[in-house]
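Take a look at the structure set out below.
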Amino acid sequence: MTERKIVKIVTGVPGPKSRQLYSEMEQNVPRGPAHMTPIAVASAKGATLTDVDGNTYIDFAGGIGVLNVGHCPDEVVQAIKEQADKYLHTCFHVTFYESYIRLANKLNTMTPGQFPKKTIFLNSGAEAVENAIKIAKYYTKRYGILSFLEGFHGRTAAAMSLTGQIQPYKYNFGPPIPWIYHLPFAYCYRCPFSQTYPSCEVACAKYVEQVFASVISSDAVAALIVEPVQGEGGFIVPPKEFLLEIYEICKARGIVFIDDEVQTGIARTGKLFAIEHSSIEPDLITTAKSVGGGMVLSAVTGKAEIMDAPHPGGLGGTYAGHPLSCQAGLAALDLVEKNNLIARANTIGDKIKQTFLAMQEKYPLIGDVRGLGAMVAMELVKDRKTKEPAPKEAALVRERCYQNGLIVIGAGIHHNVIRTLAPLVITDEELEEGLSILDEAFRSISID
Ligand SMILES: Cc1ncc(COP(=O)(O)O)c(C=O)c1O
């Protein structure tokens with residue numbers, strides 16, 4: 001095995017303390033919140049993480065896309081400490097505070113769209129999605145919602161209903177909320193119409209017209225929600241025409257276009273928001289994850305006219321837009337600018353993509369390599385011709401990785417995708433070492 005400069009595995013993984021905590025967890029915590037690794041964290045900084053046994057890892061998961069500015073940046077930690085010394089919570093509905101307003105202004109300014117905007121803060125991505133849907137319904141006085149197969153929008157009732165993946169998100173959780181209709185997404189590697197881009201002329205985007213003719217009238221549809229790159233679905237990047245086509249259809253039919261940037265936002269794809277790779281100006285944008293720099297924060301930003309539709313008291317929440325989170329968010333967005341993380345996302349993304357493509361030449365298991373900016377993934381298949389998914393092999397690669405000091409997570413409706421969401425502050429050395437661990441994992445399972 002190659003000598004490591006950053007990674008330090010001193011006990012084997014999982015170490016004894018992680019094992020002990022794991023068994024205590026099994027006694028006290030239900031199995032619902034699953035674990036991608038058996039590792040208990042002790043501390044983290046930048047793009048590395050140290051466990052309770054003293055093993056140090058390179059982190060390609062970034063708390064599932066939450067840590068674009070890295071683990072514990074000094075500026076974010078300082079902002080939280082300063083706020084904690086003043087007040088922790090008063091509730092925005094009782095006495096409002098400056099950080100909420102400043103951060104709202106920042107998002108109103110930074111998001112695409114040449115029109116007046118307003119922002120409301122919530123806690124989780126799912127909560128942002130729930131609120132975006134409520135706002136769109138209130139504004140349009142319509143109740144139908146369109147979303148996409150393989151899409152993911154969260155685990156609460158409406159967000160789960162919008163999600164286009166049965167396992168693990170919807171299975172056995174009962175009927176979805178009514179009036180939600182799923183459309184095919186432009187998953188070109190597994191085209192739902194068995195066609196090939198560009199000769200398909202994005203037939204998948206046009207399918208919505210069939211839905212309007214036979215399932216729900218377009219004048220009953222309040223909103224369409226879409227991830228500009230599907231995250232949990234397996235980092236599926238649609239052709240530009242796909243998003244443009246559905247956007248134009250929404251515009252022509254008075255349907256609110258909701259751009260779910262929970263995973264793609266805040267510089268991840270090499271633009272501040274992934275939708276900026278197109279000319280689309282979404283009516284509403286949902287953000288979460290990296291917007292809070294590691295703190296609990298989500299937002300809905302959108303056209304002032306739409307955002308202002310619901311009556312006072314109809315939106316919000318006790319903790320929504322918490323002072324610690326708003327201060328962390330302000331500091332995190334400053335860091336994106338100061339550290340030029342948009343450019344860095346492109347550099348990192350190029351490096352990862354080139355490495356994955358080179359690996360694809362060596363390992364037949366890698367069927368597809370795709371991504372946008374620093375949101376890059378590979379889809380594993382047992383056979384490149386039949387494209388039979390290889391979920392067990394994907395799990396084995398991830399396991400070999402964490403055992404050797406790289407934390408990397410999966411995705412995909414078939415659970416056969418390996419995705420990278422490394423903090424954008426990762427150094428070249430860390431990135432190089434992480435990628436070499438991944439390569440070794442593939443080599444080891446090819447030999448087994
Ligand atoms: C696109 C998208 N929307 C919504 C969510 C839900 O966010 P949360 O887990 O914070 O509720 C996620 C989470 O991964 C996501 O990727």
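Counting starts at 1 for both ligands and their atoms, following the listed order.
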Check: Arg370 side chain to Gly234 main-chain N or O, any donor-acceptor pair under 3.5 Å?
Finding: yes

Notebook entry, point to check: What about His311 and Tyr138, are their ring centers closer than 6.0 Å?
Noted result: yes

Next item on the list: Please confirm whether Tyr402 and Tyr57 have ring centers closer than 6.0 angstrom.
Entry: no

Notebook entry, point to check: Going by the salt bridge (charged side-chain N to carboxylate O under 4.0 Å, His left out) test, which pairs reach into residues 117-131, not counting sequence neighbours?
Noted result: Lys118-Asp308

Item checked: Output field: ring centroids Tyr319/His89 closer than 6.0 Å -> yes

Margin query: Quick check with a 6.0 Å cut-off and a 45 degree axis cone: is Lys137 positioned over the face of Tyr143's six-membered ring?
Written below: no

Margin query: Given a heavy-atom cut-off of 4.0 Å, could you list the residues near ligand 1 in chain and number order?
Written below: Ser124, Gly125, Ala126, Phe152, His153, Gly154, Glu227, Glu232, Asp260, Val262, Gln263, Lys289

